[in-house]
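The structure appears below as structure tokens.
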Amino acid sequence: MSQQTTLAVVVPKFSEFVKHLPTVYDLAACDQEILRQLWSGLGYYARARNLNKGAKFIVEKLEGHFPQSYYEWLKIPGCGSYTASVIASICFNEKVACVDGNVVRVVSRLLGLSEDVWSSSGKSAIQTYVDQMIPEERPGDFNQAIMELGATVCRKSKPLCLLCPIQKECLAFAHNCVEICPPKKPRRDTVDVELFALVFWRKATDTVAIAHRTKGFLSNTVGFPLIPATEASEVKQVLQSLLHLQFLELSSKFSHNITHHRISGKVLVVQELENPSITTESVLWRELGLSQSFDWVPRSVVASKLSTSFDNKVFKLFANYK
DNA sequence: AAGCCGTGGCA
DNA sequence: TTGCCAAGGCT
């Protein structure tokens with residue numbers, strides 16, 4: 001959970017998570033829908049799927065025995081060099097450095113590195129450097145200490161150099177270049193995106209279609225089908241031709257950011273009338289070019305099925321209209 | 001190896 | 001309001 005996610009957000013989620021799934025066997029056997037609910041609001045949903053994969057790997061291939069080394073943990077799905085180093089050093093006293101964003105910053109300043117610390121080669125060099133510094137005693141505590149130093153003293157903005165225990169050794173402090181060490185992480189320019197979220201509403205049973213999205217934003221998550229705004233007119237034409245349907249484009253837009261995408265969205269409510277024709281769901285889906293499986297869910301329980309913040313926004317607009 | 005992926009919190 | 005970004009991993 002803590003991968004690329006603020007700890008303050010993680011902690012309460014983690015408590016709830018382990019309360020429901022206290023063992024690796026529970027996690028391995030966990031139903032995807034339950035997993036989605038427990039992960040709801042945390043983002044980067046591939047992490048939740050990998051966590052489940054990793055648990056299955058341990059239960060099925062390792063007979064429930066946890067790996068006991070950095071190298072073996074690296075083979076677990078969702079477990080990269082950072083996570084493997086955390087587990088190996090804290091749980092098994094292995095002398096391997098944890099290189100997260102904090103550690104990159106601390107070392108960048110300590111050594112006065114003002115360029116290329118975020119690339120894979122840059123982080124690899126930092127890994128090698130800190131690996132050499134790990135003491136024999138309590139490697140895990142050492143790793144956590146550097147990370148904590150980065151989080152509290154050697155922080156990104158307004159570092160507390162006057163309180164820093166390694167101020168005397170810090171080249172950035174000595175050369176008065178703490179401001180440019182480390183350089184900012186390179187980031188993609190923000191891209192504006194317009195899209196439509198489709199809310200299929202079967203009035204007769206008061207049910208709503210929830211799709212398993214297979215491509216684009218929020219791929220491999222469950223929620224409302226999404227289409228680029230550029231395809232909206234085409235979809236509307238198809239909808240026009242299907243006489244048992246009527247659609248309504250809600251006037252209010254919603255906005256949402258996904259990584260470097262600034263999304264402006266509108267909700268297209270597609271209502272199935274009281275007396276539907278024989279057109280089947282699969283035909284409807286095929287004609288709309290939505291290659292996604294879906295379930296019809298009672299409107300009253302849709303909210304409990306949704307797991308992304310994006311879908312929550314969409315459903316709120318729909319509920320407001322309804 | 002660079003590009004990709006969600007969200008909440010904070011300045 | 002807007003931008004920045006976090007105890008990264010996968011492809």
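So you know, we letter chains A, B, ... as the sequences are listed, proteins then strands, and number each from 1.
Under the 3.5 Å distance criterion, with hydrogens and angles disregarded, no donor-acceptor pair is assigned to the side chains of A:Asn50 and A:Arg47. Looking at A:Asp131 and A:Thr128, their side chains never bring a donor and an acceptor atom within 3.5 Å of each other.
As judged by a 4.0 angstrom heavy-atom cut-off over every strand, A:Thr5 is placed among the base-contacting residues. A:Gly80 comes within contact range of the sugar-phosphate backbone alone, with a heavy-atom separation under 4.0 Å but no base atom that close. Residue A:Ser81 is in sugar-phosphate contact alone, with no base atom involved, counting any heavy-atom pair closer than 4.0 Å across all strands shown. Residue contacts shown for A:Thr83 are limited to sugar-phosphate atoms, with no base heavy atom under 4.0 Å away. Here A:Arg49 lies out of heavy-atom contact (under 4.0 Å) with every strand. Counting any heavy atom pair closer than 4.0 Å across all strands shown, A:Thr308 reaches sugar-phosphate atoms only and no base atom.
Checked against B:dT7, C:dA7, C:dC5, the side chain of A:Lys184 finds its nearest nucleotide in C:dC5. Closest contact between the side chain of A:Gln144 and the listed nucleotides B:dG9, B:dC5, C:dA7 involves C:dA7. Among B:dT7, B:dC5, C:dG3, the nucleotide with an atom closest to any side-chain atom of A:His260 is B:dC5.
Phosphate proximity of C:dG8 to A:Arg47: absent, as no side-chain N or O sits under 4.0 Å from OP1 or OP2. For the OP1/OP2 pair of C:dG9 and a distance below 4.0 Å, the side-chain nitrogens and oxygens of A:Gln3 include at least one atom meeting the criterion. Close to B:dG6, at under 4.0 Å from its OP1 or OP2, lies no side-chain N or O of A:His256. Side-chain N/O atoms of A:Gln4 include one lying less than 4.0 angstrom from OP1 or OP2 on C:dG8. Taking side-chain N and O atoms only, A:Arg262 has a distance below 4.0 Å to OP1 or OP2 of C:dG3. Contact annotation: A:Lys185 reaches the phosphate of C:dA6 (side-chain N/O to OP1 or OP2, under 4.0 Å). A close approach under 4.0 Å does not occur between any side-chain nitrogen or oxygen of A:Arg187 and OP1 or OP2 of C:dC4.
Here the P atom of nucleotide B:dG9 and the CG atom of A:Asn257 are 15 Å apart, to the nearest Å. Counting to the nearest Å, the P atom of B:dG8 and the CZ atom of A:Phe14 are 20 Å from each other.
Evaluation of atom-type donor-acceptor distances gives a pair under 3.5 Å for the side chain of A:Tyr44 against the base of B:dG6.
Considering all non-hydrogen atoms of both residues, A:Ala55 and A:Leu27 come closest at CB-CG, 3.6 Å.
Exactly one of A:Lys316, A:Arg213, A:His256 qualifies for a side-chain hydrogen bond (donor to acceptor under 3.5 Å, both in side chains) with A:Asp311. That residue is A:Arg213.
Between the C1' atoms of B:dA1 and C:dG9, the separation comes to 14 Å (whole Å). B:dG3 sits 24 Å from C:dA7 when the P atoms are compared, rounded to a whole Å.
A continuous path of ILVMFWY side-chain contacts below 4.5 Å connects A:Val104 to A:Leu113, so both sit in one hydrophobic cluster.
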